[in-house]
Amino acid sequence: EPEVTQTPSHQVTQMGQEVILRCVPISNHLYFYWYRQILGQKVEFLVSFYNNEISEKSEIFDDQFSVERPDGSNFTLKIRSTKLEDSAMYFCASTPSAVTDTQYFGPGTRLTVL
Amino acid sequence: GNSVTQMEGPVTLSEEAFLTINCTYTATGYPSLFWYVQYPGEGLQLLLKATKADDKGSNKGFEATYRKETTSFHLEKGSVQVSDSAVYFCALSDSSYKLIFGSGTRLLVRP
């Protein structure tokens with residue numbers, strides 16, 4: 001069964017450094033999402049992406065965040081200058097169409113900012 | 001705005017006990033409703049969904065019915081197993097198709 005994959009599984013970085021989290025969505029999917037889960041808290045929507053542009057972003061998704069689909073298979077989340085409060089589990093999700101609305105999640109990347 | 005409220009956990013049950021995890025929602029329009037499960041150290045897996053009022057989603061012995069009159073989508077299972085121990089998230093899909101999650105309920109099943 002096709003899966004969403006994410007790399008790395010765990011990323012440790014120093015505050016102020018840039019990180020790029022990578023996701024490979026399911027191949028025929030067209031809509032892509034990033035969510036994050038701070039330890040012990042609820043899963044929060046960050047951004048949705050369709051047709052090579054952002055469809056919607058939350059208030060969390062400020063100028064430090066960006067997303068890109070550089071090569072038709074990868075979907076990346078970049079944090080330009082990490083803060084301690086960016087430490088969280090980041091989940092990528094994809095869906096074949098918005099109408100289908102069942103999102104398939106990757107296993108997540110745990111980001112630790114020191 | 002749209003929101004999901006779940007019962008606080010952890011919920012601790014003995015094997016073969018009956019499970020209910022309450023979930024209520026606030027939304028404009030007619031959202032789709034979901035239960036996702038997160039096993040220890042893993043990502044989110046879709047457990048079941050319902051897309052309109054009175055629909056019942058079911059999977060692996062779990063069931064939930066979309067109740068518009070009470071704005072609820074409670075998760076039930078007749079007989080839990082140790083392997084059901086996980087965190088369960090109720091979620092809705094709003095008009096822009098993003099998911100809005102509840103805070104999650106941890107279930108611990110003891111042998």
Side-chain angles (χ1 to χ4, degrees), chain A residues 1-10 21 23-26 29-51 54-61 67 88-110, chain B residues 1-10 21 23-27 29-52 55 57-60 64 66 73 86-106 108:
Chain A
E1 187 176 327
E3 292 180 334
V4 176
T5 59
Q6 290 184 242
T7 54
S9 57
H10 191 190
L21 310 183
C23 168
V24 179
I26 295 172
H29 286 191
L30 300 176
Y31 292 78
F32 314 111
Y33 305 83
W34 283 101
Y35 294 83
R36 78 171 186 191
Q37 183 184 27
I38 295 172
L39 187 63
Q41 297 186 24
K42 66 171 67 177
V43 178
E44 302 172 288
F45 168 78
L46 290 178
V47 65
S48 57
F49 190 86
Y50 169 70
N51 201 25
I54 291 174
S55 305
E56 184 176 353
K57 58 184 180 180
S58 73
E59 58 190 26
I60 302 168
F61 195 89
V67 289
M89 182 73 89
Y90 288 81
F91 293 106
C92 173
S94 69
T95 186
S97 76
V99 174
T100 303
D101 77 12
T102 296
Q103 293 181 23
Y104 297 86
F105 282 77
T109 293
R110 179 166 297 285
Chain B
N2 297 337
S3 66
V4 175
T5 302
Q6 283 182 242
M7 63 188 290
E8 296 266 340
I21 300 178
C23 171
T24 57
Y25 67 90
T26 302
Y30 304 96
S32 295
L33 301 174
F34 303 82
W35 279 100
Y36 279 84
V37 59
Q38 186 178 31
Y39 296 103
E42 297 186 15
L44 297 165
Q45 298 177 27
L46 177 66
L47 182 60
L48 53 84
K49 65 184 258 190
T51 58
K52 60 184 188 297
D55 264 5
S58 61
N59 186 24
K60 299 181 183 179
Y66 190 142
F73 193 55
V87 181
Y88 292 81
F89 291 93
C90 185
L92 66 82
S93 175
D94 71 4
S95 57
S96 64
Y97 305 108
K98 68 179 182 288
L99 290 174
I100 296 170
F101 286 87
S103 55
T105 303
R106 181 175 300 278
L108 299 171

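Quick note on labels: first sequence line is chain A, next is B, and so on, each numbered from 1.
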Is chain B contacted by the side chain of A:Glu44, its backbone, both, or neither, given a heavy-atom distance below 4.5 Å? neither
So, A:Gln103 side chain and B:Tyr97 main chain: donor-acceptor pair closer than 3.5 Å or not? yes
Between A:Phe105 and B:Leu99, is any pair of side-chain heavy atoms under 4.5 Å apart? yes
Part of [X] lying under 4.5 Å from any heavy atom of chain A:
X       : answer
B:Val4  : backbone
B:Leu44 : both
B:Gln6  : neither

Atom OH of A:Tyr104 and atom CG of B:Leu46: how far apart are they, to the nearest 0.5 Å? 7.0 Å
For B:Gln38 against A:Phe91, the heavy-atom pair lying closest together: NE2-CZ, 3.5 Å
Should the heavy atoms of other residues, nucleotides or ligands under 6.0 Å from CD of B:Glu42 be counted, would the total exceed 12? yes
Has B:Tyr30 got more than 12 heavy atoms of other residues, nucleotides or ligands less than 6.0 Å from its OH? no
